[in-house]
Amino acid sequence: MNEDKGNPSATSAPLDFIRRIVADDLRTGKWGGRVVTRFPPEPNGYLHIGHAKSICLNFGIAEQFGGVCHLRFDDTNPTKEEEEYVNAIIEDVRWLGFDWGEHLYFASDYFQQMYDYAEQLIRAGKAYVCDLSSEEVRLSRGTLTEPGRESPYRNRSVEENLDLFRRMKAGEFPDGSRTLRAKIDMASPNLNLRDPVMYRILHAEHHRTGAAWCIYPMYDWAHGLEDSIERVTHSICTLEFEDHRPLYDWFLDALGVYHPRQIEFARLNLSYTVMSKRRLLQLVREGYVSGWDDPRMPTLSGLRRRGYTPESIRNFCYSLGVAKDDGVVDVARLEHSVRDDLNRRAPRVLAVLRPLKLVVENYPESQVEEMDAINNPEDPGAGTRKVPFSRELYIERDDFREHPPKGYFRLSPGREVRLRYGYFVTCTDVVKDGGGEVVEVRCTYDPASRGGNSPDGRKVKGTIHWVSARHAVPAEVRLYEHLFTRPDPDDVPEGEDWTSNLNANSLEVVAAYVEPGLARAKAGERFQFERLGYFCVDPDSKPGAMVFNRTVSLKDTWAKVEKKR
RNA sequence: UGGGGAGUAGUUGAGUUGGUAAAACGCCUGACUCUGGAUCAGGAGGCCGAAGGUUCGAAUCCUUCCUCCCCAGCCA
């Protein structure tokens, strides 16, 4: 099939800084020849294209260096996490093409061990139960420039801490009344080290552990332990956790346990869209889109429904590289990678998005011919098919101009064009409605040009697509544009927010006609509508009521030329 | 303002021990073509954030400065 391009495992491309670290570690035997990475999503939303970069990195490294990559749910906050999300995440990672084998884990499975480690830290005098409220903690934490103040509970005895912590676990105290904190340094310039909270009390039902726990570990405390327990070698995360690394290291050192190396890289940002889970959730909840899998969403489920292939997303991610400066990637690159993939594999078909009737005056009224059409010029093995041709056809409105501009070489009065796989036709007349709108075009055909070539060798510049009016299948086609009108959704006037940059025209529904063979196409099937773009059958599609999504248009140099005028 | 990061073509990014700047996408030409697609061949585009310094020589080393991002959740 389609080999991933740009994946260092498949090319001689220079290694990125993370792969270089892995390769060095392998050479020096630092981890005993093991390579263990992990992708640790929190099940509080759907995966998006930014996660795909992380997935490709982690699974890609494991694959390339003969290691393994774990899929681990970081489910330490029962108030935000749901099973629906874990199922969707599993489906998405699998769809993207990765396999974690036996290595499916849940942080919640480690709760008991984490608890035991916490007691160990208490006994070592490195953690204490604090009775301050969250407000009081906030006030005593200090600011960016001023040190914090130590909690009055900071020096409780080990016995008292142990007793209180056990009672926290036993459910004796209400939410928010106490926390377990690490005893580090309230004056540290790194705020993360100012006695961070390790456990909070949350009497909440967890999607996996139910009511077994009422204290839940915080990210900083839990994450390193998860990595340690799984004997991860390289714990790869995004830049915002760079500040947390000293804490990651502190916990593991304080415990004296197996200690992976955390490495940070820049997350992916894409132009014309938003990527934060909070904002994606807002788009869903407030009805700006139809759901997490709305084809306009940058979620993997949205891209899948839109018609993106896993290969194209992987190739896109590999083409990005891995570095530490965060910028914004032009969506045009994502679009390029689907075109590149679909060009090679998508069967071509004829479809007319905005129909204009074309009557071939000298073509016999009742005649129908089956024309031979090539399924995919990029893939000779794809074969050919028959497409019916008759006297009345539909052509694209855009392919006729009563007054053609310079450089236009499609149909217009007196002009001859080729109907793809059909005949040469010459426009003889137009029919207009009361408002002067062209509602029908008349033409004559050259019977000698059957199939698309004329025996006298004369050339025509334009080739347009068409569909037989009598045989065509009506279909709903959903045309998508960028979700936002500006590359940076946050680029708004004073007082407005990112939602004011939502593109009102991001979805246009059109009543189209497609060639008859498409009547049986199944959800998820992808096609190239010749000269238009790549389209995918939507799950909403039903026999007799086909629905297609436009994945991406074809490059259109004529549109570009026209736009410049 | 304290701490942590980052600054190389429009974008993403190579450039690992200093020798004077890859590539991809985008853009512009042209060729070819029964998709104005694809393909092929060319091209434009960078004072390597700035200023000093070291050196025969600096994107790479030193100094100072500037800009951008992250951190004051009992979120992850």
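Just so it is clear, the structure is predicted and the values come from calculations on it, not from any experiment.
You'll find that the side chain of D325(A) is closest to rG7(B), out of rG36(B), rC74(B), rG7(B). Comparing rG2(B), rA76(B), rA14(B) by their closest approach to the side chain of E42(A) singles out rA76(B). With rG3(B), rG2(B), rG5(B) as the choices, the nucleotide that has an atom nearest any side-chain atom of T145(A) turns out to be rG2(B). Checking rG73(B), rG37(B), rG4(B) against every side-chain atom of R141(A), the shortest atom distance belongs to rG73(B). Taking every side-chain heavy atom of K324(A) into account, rG5(B) is the closest of rG5(B), rC27(B), rU11(B). Considering only side-chain atoms of E378(A), the nucleotide from rU12(B), rG36(B), rG37(B) that sits closest is rG37(B). Taking only side-chain atoms of R20(A), from C-beta outward, the nucleotide of rA76(B), rC71(B), rU16(B) with the closest atom is rU16(B).
At a threshold of 4.0 angstrom between heavy atoms, the contacts of T76(A) are confined to the sugar-phosphate backbone, with no base atom among them. Heavy atoms of T143(A) sit under 4.0 angstrom from at least one base atom.
Toward the 5′ end of RNA chain B lies the nearest nucleotide of N192(A), the other residue of the pair N192(A) and S134(A) mapping further downstream.
At a threshold of 4.0 Å, the pair D398(A)-R531(A) does not count as salt-bridged, since none of the basic side-chain nitrogens sits closer than that to a carboxylate oxygen.
Figure legend. rU16(B) is base-paired to no nucleotide; pairs are counted as Watson-Crick or G-U wobble with both atom distances under 3.5 Å. Across all strands shown, rU39(B) is found opposite rA31(B) as a Watson-Crick or G-U wobble partner, with both distances under 3.5 Å.
In this structure, the aromatic ring of W558(A) is positioned over the six-membered ring of the base of rG36(B), centres within 5.5 Å and planes within 30°.
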